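All values reported here derive from a predicted model rather than from experimental measurement.
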Protein chains: 2
Amino acid sequence: MDPVIELLRKHGIQATPQRIAVAQVALESAAHPSADEVLAQVRRRCPTVSRATVYNTLHLFVERGLLHAQVLREGTVVFDPLVEPHHHFVDDETGRIYDVPWDALKVTGHRSLADFDVREHQVVLRGRRRRT
Amino acid sequence: MDPVIELLRKHGIQATPQRIAVAQVALESAAHPSADEVLAQVRRRCPTVSRATVYNTLHLFVERGLLHAQVLREGTVVFDPLVEPHHHFVDDETGRIYDVPWDALKVTGHRSLADFDVREHQVVLRGRRRRT
DNA sequence: GTTCGTGCAAACGGTTTGCAACAAT
DNA sequence: ATTGTTGCAAACCGTTTGCACGAAC
């Protein structure tokens, strides 16, 4: 059986063809796609899928902990299948977003803030990705 | 002379009444307002100002370094008159954004990333503001 | 047969654009 | 005269909503 179907079931999500298609795109992409980018990708395989279904499904996945929604681009939310804590790098030129492993950076001082009860933190880096 | 007029001139900006009004709202607010929130505030004093003028003016101020645009809220950009490097705390319940002084936190490791040429970094904290 | 999922189209909120009128230089 | 600034309305883009049809339990 397709492992994605099992993953959805495990999270109490009925595995419909549309949801499987969304899952295959959104859970396997490291590109931090927006909802509309997921929609475009999904439609290449399954052109009948509606915008509303993709938005519903993405929100459902976020609710169930399969995805995280991140506010890193102007005007749109992006979805990240890496749900463990990590940081992000945003390329100034391309706008592309890259994951930065949690252990690559260390933040100190956030525990001793007088006014704020910090639940989570992340570092947002901006600059240029090095030409490989 | 109004200090705001001098500030605008110093940055090569022609000081029109509309721009002065936008400046008084956006440069003196620590609330990290969105463009529409600035518009609403400005219109309380000067109801004839158009939406386009406020958007134009805010972008001009960002271009000239009087404001920074920050991507911290879903669906909208917010403007921050504090242009020196600092971090941000976002209240989960109210959505309000607070400045966190640069020296309150320390980030290490961002200089030794192989793939990325980091130009700037900031920490985004989320949680609850302590009831004072 | 009631609930759940889907598709469509309209509505919505924030932002941008085109253009005509006007003020400043 | 040329350039810069404003206001209005329409367009635009990402997202949400309402509703009716159909599938699953």
Side-chain angles (χ1 to χ4, degrees), chain A residues 4-5 8-9 11-26 31-43 45-64 66-80 95 97, chain B residues 4-5 8-9 11-26 31-43 45-64 66-80 95 97:
Chain A
V4 118
I5 298 180
L8 296 184
R9 295 236 174 102
H11 287 78
I13 299 171
Q14 205 179 113
T16 69
Q18 293 88 337
R19 285 172 176 176
I20 294 168
V22 172
Q24 284 169 346
V25 170
H32 302 80
S34 68
D36 267 28
E37 287 163 355
V38 172
L39 175 65
Q41 285 278 103
V42 166
R43 278 197 171 153
R45 300 205 143 226
C46 186
T48 70
V49 177
S50 80
R51 182 174 269 94
T53 295
V54 170
Y55 276 84
N56 285 342
T57 304
L58 289 171
H59 289 154
L60 180 64
F61 287 0
V62 170
E63 230 173 61
R64 295 298 215 274
L66 290 170
L67 286 177
H68 274 186
Q70 293 277 355
V71 181
L72 290 168
R73 292 220 301 246
E74 279 193 28
T76 189
V77 167
V78 301
F79 295 92
D80 192 340
I97 298 163
Chain B
V4 117
I5 298 180
L8 295 184
R9 294 235 174 102
H11 287 79
I13 298 171
Q14 208 179 110
T16 69
Q18 293 88 337
R19 285 171 175 176
I20 294 169
V22 172
Q24 284 170 346
V25 170
H32 302 79
S34 68
D36 266 29
E37 286 163 356
V38 172
L39 175 65
Q41 284 279 104
V42 166
R43 278 198 172 152
R45 299 204 144 228
C46 185
T48 68
V49 178
S50 79
R51 182 174 268 95
T53 295
V54 171
Y55 277 84
N56 286 341
T57 303
L58 289 171
H59 288 154
L60 179 63
F61 287 179
V62 169
E63 230 173 61
R64 296 295 215 275
L66 290 170
L67 285 177
H68 275 186
Q70 293 277 355
V71 181
L72 290 168
R73 292 220 301 245
E74 278 192 29
T76 189
V77 167
V78 301
F79 295 92
D80 191 341
I97 297 163

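Rounding to the nearest 0.5 Å gives a distance of 8.0 Å between CD of A/Gln70 and CD1 of A/Ile97. The distance from atom CG of A/Leu72 to atom NE2 of A/His32, rounded to the nearest 0.5 Å, is 7.5 Å.
For the segment residues 46-58 of chain B, the set of residues with a heavy atom within less than 4.0 Å of an atom of DNA chain C comprises B/Arg51, B/Ala52, B/Tyr55, in numerical order. Residues from residues 67-79 of chain B placing a heavy atom under 4.0 Å of any atom in DNA chain C, listed by number, are B/Gly75, B/Thr76, B/Val77.
The separation between A/Leu60 atom CG and C/dC4 atom C1' is 11 Å, rounded to whole Å.
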Using atom types as modelled, flag every donor-acceptor pair under 3.5 Å from a side chain in residues 53-60 of chain A to any protein atom, sequence neighbours excluded.
from    : atom 1 : to      : atom 2 : distance (Å)
A/Thr53 : OG1    : A/Ser50 : OG     : 3.1
A/Tyr55 : OH     : A/Asp36 : OD1    : 2.9
A/Asn56 : ND2    : A/Ala52 : O      : 3.3
A/Thr57 : OG1    : A/Thr53 : O      : 2.6
A/His59 : ND1    : A/Tyr55 : O      : 3.4

Exercise for the section: Spell out protein contact along nucleotides 19-25 of chain C as letters: B when the base is contacted, S when just the sugar-phosphate is, - when no protein heavy atom is under 4.0 Å; keep the 5' to 3' order. Expected result: -----S-

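Evaluation of the ring pair (Phe, Tyr, Trp, His ring centres under 6.0 Å) rule for B/His68 yields no partner, not counting sequence neighbours. Among residues two or more places apart in sequence or in another chain, the side-chain hydrogen bond (donor to acceptor under 3.5 Å, both in side chains) test is passed with A/Glu74 by none. For B/Ala15, the side chain to side chain contact (heavy atoms under 4.5 Å, CB included) partners at least two apart in sequence or on another chain are B/Ile5, B/Leu8, B/Ile20. Checked against side chain to side chain contact (heavy atoms under 4.5 Å, CB included), A/Ala69 has the following partners two or more places apart in sequence or in another chain: A/Val62, A/Val77, A/Phe79. A/Gln41 pairs by the side-chain hydrogen bond (donor to acceptor under 3.5 Å, both in side chains) definition with A/Arg44, not counting sequence neighbours. Residues satisfying the side-chain hydrogen bond (donor to acceptor under 3.5 Å, both in side chains) criterion with A/Arg43, sequence neighbours excluded, are absent altogether. Partners of A/Arg45 under the side-chain hydrogen bond (donor to acceptor under 3.5 Å, both in side chains) rule, at least two apart in sequence or in another chain, do not exist in this structure.
The nucleotide range of DNA chain D contacted by chain A, defined by atoms under 4.0 angstrom from heavy atoms of the protein and reported 5' to 3', is D/dG14 to D/dA24.
Nearest heavy atom pair, residue A/Leu67 against residue A/Ala26, reads CD2-O, 3.9 Å. Scanning all heavy atoms of the two residues, the minimum distance from A/Val42 to A/Val22 falls at CG2-CA, 3.8 Å.
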